[in-house]
Amino acid sequence: MSSVPRTIEWRNSAVVLLDQTLLPTQVATIEITTVSVLVDAIQRLAIRGAPALGVAGALGVVLAMDQCIRESWSPTQLDDAIDAIRNARPTAVNLAWAVDKVRPLVPEGRDVVFAAAQQIAAEDEAANHAMGKLGADWWLNKVGDRPLRLLTHCNTGSLATTAWGTALGVIRELASRGRIEVVFADETRPLLQGARLTAWELDQEGIPYKVLPDGAAAMAIMTGEIDGALIGADRIVANGDSANKIGSLGVALACNAAGIPFMVVAPESTVDRSMKTGKEIHIEFRNDEEVCNFAGVRTTPLDATSYNPAFDVTPARYIAAVVTEKRVYEIANGEDLNTGSAA
Ligand code: MRU
């Protein structure tokens with residue numbers, strides 16, 4: 001992927017994002033120098049995916065500090081700008097987590113905040129590779145040391161992180177060991193992160209894949225087309241309940257009905273131990289337009305409204321294992337994220 005711009009980086013006093021709303025037909029970047037444009041980019045999913053949002057949040061604080069100097073903001077204006085970044089999207093904990101991590105450093109100066117933001121990005125990259133190895137070992141031990149047919153939902157690759165990916169990082173690692181037969185990539189309605197982004201990443205890597213409508217996942221799972229499923233997460237709480245892109249829950253239920261493993265892969269920065277169960281997770285609901293239009297064309301009656309949650313929560317009891325860079329939590333065997341031991 002060397003010719004492809006990085007998902008997010010700091011260049012020439014700006015946050016530079018690969019605009020994920022345009023992929024795969026256009027590979028274009030946006031240079032951002034103001035907080036309002038960054039917040040807009042986050043909200044319209046030009047940058048998305050929990051770990052990438054964390055990096056955007058941390059670099060956003062640097063951006064806010066620069067804008068504060070340029071435009072002679074008051075301390076309150078700076079605080080409000082940082083809050084706007086932190087609250088741009090509510091479900092992925094990484095955004096608030098990263099802002100809260102660098103914000104206390106603001107009094108120490110811009111360079112200290114910048115270094116901390118860069119460290120968050122570097123740690124994410126290292127975590128990606130560690131999860132890839134742990135997750136790949138788990139699949140080969142549990143399911144069999146052979147090429148696997150795995151289903152994934154949404155996009156959890158380099159576009160959603162700083163590097164290699166979470167669930168897609170496990171798939172990359174398995175592919176590098178010759179242990180992927182095919183990846184079933186759910187298209188992921190309504191914004192098609194699977195069909196547009198995961199398929200694009202798999203294509204670049206030369207990993208065999210099929211794109212399927214979200215509604216076809218249960219059939220593929222129940223008819224034995226798939227050995228297991230793995231997804232990322234936007235927030236994993238203490239008991240293992242995991243929020244991820246809408247449609248993940250259906251995949252988990254079907255895997256459980258079929259008796260095949262359903263795995264969640266995410267860095268420790270996505271684990272929110274302050275929440276005990278998934279009931280506490282704030283689910284983002286998005287606008288009617290995303291559901292009532294397809295590729296800019298109205299597909300519903302003009303006065304139709306929508307039910308458009310961006311995420312759902314899979315209860316821990318449907319998750320075989322949660323993989324972070326630290327370890328594999330065998331949720332199905334009674335472990336939880338708090339102690340890592342029998343609950
Ligand atoms: O709305 P999105 O595209 O930001 O949702 C992203 C997901 O649900 C991902 O699966 C999750 O953030 C994990 S990314 C490694």
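If you read the sequence from its start, that first residue is 1, and numbering goes on from there. Atoms within a ligand are numbered from 1 in the order they appear, just like the ligands themselves.
- For the pair Arg189 and Glu187, the salt-bridge criterion is not met [side-chain N within less than 4.0 Å of a carboxylate O].
- Between Lys276 and Asp241, no side-chain nitrogen of the basic residue sits less than 4.0 Å from a carboxylate oxygen of the acidic one, so the salt-bridge criterion is not met.
- Ranking the protein heavy atoms by distance from atom 5 (O) of ligand 1 puts Lys245 CE, 3.3 Å first.
- Atoms of ligand 1 lying under 4.0 Å from at least one heavy atom of Pro51, given by number and element, are 14 (S), 15 (C).
- Salt bridge present: Asp137 and Arg177 bring a charged side-chain N and a carboxylate O closer than 4.0 Å.
- The pair Glu173-Arg179 does not meet the salt-bridge criterion, since no charged nitrogen lies less than 4.0 angstrom from a carboxylate oxygen.
- By the 4.0 Å N-to-carboxylate-O rule, Glu225 lies too far from Arg149 to be salt-bridged with it.
- With ligand atoms numbered from 1 in the order given, ligand 1 contributes 12 (O), 14 (S) to contacts under 4.0 Å with heavy atoms of Ala50.
- The shortest heavy-atom distance from Ala233 to ligand 1 is under 4.0 Å.
- Contact annotation: the side chain of Asp83 approaches that of Arg103 to within less than 4.5 Å [non-hydrogen atoms, C-beta and beyond].
- Considering Thr91, Asp234, Ile47, Thr270 only, the shortest heavy-atom separation from atom 11 (C) of ligand 1 involves Asp234.
- Atoms of ligand 1 found under 4.0 Å from any heavy atom of Thr156 (numbered from 1 in listed order, with element): 10 (O), 15 (C).
- Ion pairing between Arg235 and Asp272 holds under the 4.0 Å rule for side-chain N and carboxylate O.
- Heavy-atom contacts of Ala160 reach the following atoms of ligand 1: 14 (S), 15 (C) (cutoff under 4.0 Å).
- Polar contact with ligand 1: present for Arg48 (N/O pair, distance under 3.5 Å).
- Annotation: Leu53 places no N or O atom under 3.5 Å from an N or O atom of ligand 1; distance criterion only.
- Under a 4.0 angstrom heavy-atom cut-off, Ile231 registers as lying outside contact with ligand 1.
- Ranking the protein heavy atoms by distance from atom 15 (C) of ligand 1 puts Thr166 OG1, 3.1 Å first.
- Classification of Arg86 and Asp79 as a salt-bridged pair fails, no side-chain N sitting under 4.0 Å from a carboxylate O.
- Heavy-atom contacts of Gln193 reach the following atoms of ligand 1: 1 (O), 2 (P), 3 (O) (cutoff under 4.0 Å).
- Ion pair Arg327/Glu268 not flagged as a salt bridge, since none of the NZ, NE, NH1 or NH2 atoms sits closer than 4.0 Å to an Asp/Glu carboxylate oxygen.
- A donor-acceptor contact under 3.5 angstrom links the side chains of Thr21 and Asp19, judged on distance only.
- Using a 4.0 angstrom heavy-atom cutoff, Glu284 does not count as in contact with ligand 1.
- Among all non-hydrogen protein atoms, the one lying nearest atom 4 (O) of ligand 1 is Arg89 NH1, 2.8 Å.
- In terms of protein heavy-atom proximity, atom 10 (O) of ligand 1 is closest to Asn244 OD1, 2.6 Å.
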